Amino acid sequence: MKVTRSFSPILFIAAALFTGTVSAYDPGETEIACKKPQFRDFNLPVYSESEKIEVAPESTFSFTLSPWTDPHSIKLTAKKQDIDFTVESNSSFHRVNAKLPAAFTGKFVRINSNANAVLGCSEKIGWLIKVADK
């Protein structure tokens with residue numbers, strides 16, 4: 001009987017530790033992680049209150065996206081209007097080239113871009129610019 005009583009606290013502690021480990025398992029961690037598209041190298045100066053930098057009317061601009069971005073999912077808008085753009089792709093990145101519409105002359109404009117990764121997750125970004133008067 002003494003042997004059984006000395007093992008019962010040890011068995012209790014072992015059972016408590018084991019159940020804590022089992023309950024920590026999360027089946028969601030086995031899913032494939034999706035890398036979101038990364039936006040880089042926007043070539044127009046972003047507007048800030050302190051510097052008040054303006055860009056020329058009808059300026060062309062570009063930025064790059066990571067290679068795991070689906071180039072067919074890219075959307076580019078400003079002031080709720082679609083902006084026409086072209087995409088140049090290679091194995092390292094996708095370069096988006098576009099031109100500011102003439103209607104934005106003399107206005108503040110937020111250029112918004114959305115894109116999906118090949119695995120399905122998405123990312124969006126925006127840049128505020130001030131377009132100069134002619």
Side-chain angles (χ1 to χ4, degrees):
M1 290 292 223
K2 282 190 167 189
V3 173
T4 306
R5 287 187 179 179
S6 64
F7 279 125
S8 61
I10 295 172
L11 290 174
F12 176 74
I13 293 171
L17 292 175
F18 179 72
T19 57
T21 306
V22 171
S23 66
Y25 175 73
D26 181 11
E29 293 178 5
T30 60
E31 296 177 10
I32 298 174
C34 183
K35 289 182 176 178
K36 291 184 176 183
Q38 294 178 352
F39 296 82
R40 298 186 187 127
D41 305 328
F42 183 71
N43 69 338
L44 290 180
V46 177
Y47 182 82
S48 69
E49 186 64 33
S50 61
E51 296 179 18
K52 299 184 181 184
I53 297 174
E54 297 181 347
V55 298
E58 300 183 53
S59 295
T60 58
F61 63 93
S62 66
F63 57 93
T64 58
L65 286 156
S66 53
W68 53 85
T69 304
D70 178 6
H72 302 291
S73 71
I74 301 169
K75 291 184 180 180
L76 195 58
T77 60
K79 293 197 174 266
K80 298 181 182 179
Q81 297 179 18
D82 290 338
I83 297 177
D84 293 331
F85 62 92
T86 59
V87 179
E88 300 169 10
S89 299
N90 63 32
S91 61
S92 300
F93 59 87
H94 303 288
R95 179 174 304 283
V96 176
N97 297 304
K99 182 178 180 180
L100 290 172
F104 297 150
T105 302
K107 297 180 181 178
F108 285 95
V109 178
R110 181 170 176 84
I111 299 169
N112 296 306
S113 182
N114 303 353
N116 296 334
V118 176
L119 294 177
C121 54
S122 63
E123 186 67 34
K124 36 182 155 171
I125 193 169
W127 304 276
L128 178 66
I129 60 170
K130 170 70 167 97
V131 182
D133 286 326
K134 285 190 175 185

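These numbers come from a predicted model, not from an experiment.
Atom-to-atom distance recorded for Glu58:CD and Lys99:NZ is 5.0 Å, nearest 0.5 angstrom. Interatomic distance, Leu76 CG to Asn112 CG, rounded to the nearest 0.5 Å: 8.5 Å. Here the straight-line distance linking atom NZ of Lys130 with atom NZ of Lys107 works out to 10.5 Å at 0.5 Å rounding. The distance from atom OG of Ser89 to atom CZ of Arg95, rounded to the nearest 0.5 Å, is 11.0 Å. If you take OG on Ser122 and CG on Asp70, they are separated by 11.5 Å, rounding to the nearest 0.5 Å. Note that OG of Ser113 and CZ of Phe42 are 9.5 Å apart. Values are rounded to the nearest 0.5 Å.
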| query | Lys75 and Asp82: side chain to side chain contact (heavy atoms under 4.5 Å, CB included), yes or no, with the steps? | reply | CA-CA 8 Å; Lys75 291 184 180 180; Asp82 290 338; over 6 Å; no

| Given Leu100 and Ile111, is the side chain to side chain contact (heavy atoms under 4.5 Å, CB included) satisfied, shown in steps? | CA-CA 9 Å; Leu100 290 172; Ile111 299 169; 3.9 Å; yes

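Linking ILVMFWY residues whenever their side-chain heavy atoms come closer than 4.5 Å, directly or via other members, leaves Leu119 and Phe93 in distinct clusters. Both Phe104 and Val46 are members of a single hydrophobic cluster when ILVMFWY side chains are connected at heavy-atom separations under 4.5 Å. Tyr47 and Val109 sit in two unconnected hydrophobic clusters of ILVMFWY residues. Membership requires side-chain heavy atoms under 4.5 Å apart, directly or through other members. Leu128 is not connected to Val55 by any chain of hydrophobic side-chain contacts under 4.5 Å among Ile, Leu, Val, Met, Phe, Trp and Tyr, and they are in different clusters.
In terms of modelled atom types and a separation under 3.5 Å, the side chain of Thr64 and the main chain of Arg40 share a donor-acceptor contact. With hydrogens and angles ignored, the 3.5 Å screen pairs no side-chain donor or acceptor of Asn97 with any backbone N or O of Thr86.
When all heavy atoms of Trp68 and Lys36 are compared, the pair lying nearest together is NE1-O, 2.9 Å. Residues Val131 and Pro57 come closest through the heavy atom pair CG1-CA, 3.7 Å. Nearest approach of Ser59 to Leu44, heavy atoms of both residues: CB-CD2, 4.2 Å. Taking both residues in full, the closest heavy atoms of Ile129 and Pro45 are given as CG2-O, 3.7 Å, listed atom of the first, atom of the second, then distance. Taking all atoms of both residues into account, the shortest heavy-atom contact from Pro37 to Cys121 is CD-O, 4.1 Å. Asp133 and Thr105 make their closest contact through CA-CG2, 4.0 Å (heavy atoms, listed as atom of the first residue, atom of the second, distance).
For Phe61 and Trp127, the ring centers are positioned 6.0 Å apart or more.
Environment of NZ in Lys79: crowded, with over 12 heavy atoms of neighbouring residues, nucleotides or ligands closer than 6.0 Å. Residue Asn90 places its CG atom among more than 12 non-hydrogen atoms of other residues, nucleotides or ligands, all under 6.0 Å distant.
In this pair, Phe63 and Phe39 present their aromatic rings tilted. The plane angle is within the 30 to 60° band.
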